[in-house]
Protein chains: 2
Amino acid sequence: MRLSKTSEYALRVLSYMVNSDQQVFTAKKLVETLDVPDKYLRRLMTDMSKKGFIRSIQGRIGGYVLAKSADTLFLIDVIDAVEGIEKYNGCIMGHDKCSDSNPCSLHKSYIPLRKQELEFLSKTSISTLKDGTIRKF
Amino acid sequence: MRLSKTSEYALRVLSYMVNSDQQVFTAKKLVETLDVPDKYLRRLMTDMSKKGFIRSIQGRIGGYVLAKSADTLFLIDVIDAVEGIEKYNGCIMGHDKCSDSNPCSLHKSYIPLRKQELEFLSKTSISTLKDGTIRKF
DNA sequence: CTTAATTACTACACAGATATAGTATTTTAT
DNA sequence: ATAAAATACTATATCTGTGTAGTAATTAAG
């Protein structure tokens, strides 16, 4: 499972937010802490606020806050929003017509693994990331 | 697990070769059969022959043949050769210093899955793809 | 009101993966 | 020898994800 940079950044942000006791986070603070390019992070935050994962507060004392209860936001939601989940649901050989009834030669051995991946993404919520640890990387 | 197009193409070729009773395959034939761009496939075949997975035969009756016994060639070898395997071995959040002793907040839950993925790739040989079926997609 | 500190928007730049085009080389058949 | 059928090489084009730059809009403080 190889997420896009954008998904990685999104998860870093959410993981950081949920593990901090602060409520509001400025882009500046996130950039300093999380090793994510400034402008790119800002755009991502705007995107995520449009998706309803976070809420943005404009103006002088602005920033971002989590908008959903962390246990109702799952990895798969975040990934689907920022890069699309379809990629992780296709044939491993890229045959678009591969299916149970017309399987590629890897289908049978790969499907259980893919199922586990999707389960991991759909069952892991942002609250799972909450362990009270403030990490430095 | 989302392979690069190039890896997908490589696996399609090898799967097709191992499931056919032919010995020699021209690029023309592979392109017609496998829905892979002509010139791109040719370069990939040259690359794979340099890696020793296949042998290329030049000249008028040329083409490509499998160069290794199919049960000694594993998915991970192919993927590592054409796109590099490191990508599939990093932190899911992209922290380069993430490790067992300095884990990201997803580390513990993700590691078992990653292990399974790598096992799948290292244990699945090209001969696994051999089931005698000639597929059309 | 004016300034300062923040987010939002738009356009552009860069890099790597993917794809194409054209030419050269190799080998066989005649 | 020459032509034909194949692969090899090199350069360029395109596309997509990632990153940057500059300006506008919003809000609070003084």
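Chain naming here is simple, since letters A, B, ... match the order of the sequence lines and numbering starts at 1 in each.
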Under 4.0 Å between a side-chain N or O of A/T6 and OP1 or OP2 of D/dT18? yes

Any side-chain N or O of B/K50 below 4.0 angstrom from OP1/OP2 of D/dC9? yes

Distance-only donor-acceptor test, B/K39 side-chain atoms vs C/dA21 base atoms, 3.5 Å: yes

Give the rounded distance in Å between these two atoms: CG of A/D35 and P of D/dT18. 15 Å

For B/L44 and C/dT20, give me the distance from atom CG to atom P, rounded to whole Å. 14 Å

Please give, in whole Å, the distance from C/dA8 P to A/L41 CG? 11 Å

Using whole Å, what does the distance between atom P of nucleotide C/dT27 and atom CD1 of B/I61 come to? 11 Å

Please determine, for the side chain of B/R60, which listed nucleotide (C/dT7, C/dA5, C/dT28) has the closest atom? C/dT28

Against the side chain of A/R43, the closest entry in D/dT27, D/dT7, D/dT18 is D/dT18

Euclidean distance, atom CD1 of residue A/I57 to atom C1' of C/dT6 [Å, nearest integer]: 11 Å

Below 30° counts as parallel, above 60° as perpendicular, anything between as tilted: where do the rings of B/H95 and A/F137 land? parallel

Establish, with yes or no, whether the OP1 or OP2 oxygen of C/dA19 is under 4.0 angstrom from a side-chain nitrogen or oxygen of B/Y9. yes

State which of D/dT18, D/dA29, C/dT28 makes the closest approach to the side chain of A/K5. D/dT18

With nearest nucleotides of DNA chain C determined for B/E83 and A/G63 from heavy-atom distances, which residue corresponds to the more 5′ nucleotide? A/G63

Check whether any side-chain N or O of B/T26 sits under 4.0 Å from OP1 or OP2 of D/dA5, and answer yes or no. no

Within 6.0 Å of CG in A/N89, more than 12 heavy atoms from elsewhere: yes

Integer-rounded Å distance: D/dC9 P and B/M45 CE: 14 Å

Rounded off to whole Å, could you give me the CZ-to-C1' distance for the A/R42 and D/dT18 pair? 17 Å

Looking at A/K28, I want to see if its NZ is surrounded by more than 12 non-hydrogen atoms of other residues, nucleotides or ligands under 6.0 Å. no

C/dA13, OP1 or OP2 - any side-chain N/O from A/Y40 closer than 4.0 Å? no

Ignoring the backbone of A/P37, work out which of D/dT20, C/dC9, D/dA29 is nearest its side chain. D/dT20

Quick one: is D/dA8 close enough that its OP1 or OP2 comes under 4.0 Å of any side-chain N or O from B/T46? yes

Any salt bridge between A/D47 and A/R43, counting N to O under 4.0 Å? no

Nearest-Å distance, CD (B/E8) to C1' (C/dA19)? 15 Å

Approximate separation, where rounding is to 0.5 Å, of A/F74 CZ and A/I79 CD1: 13.0 Å

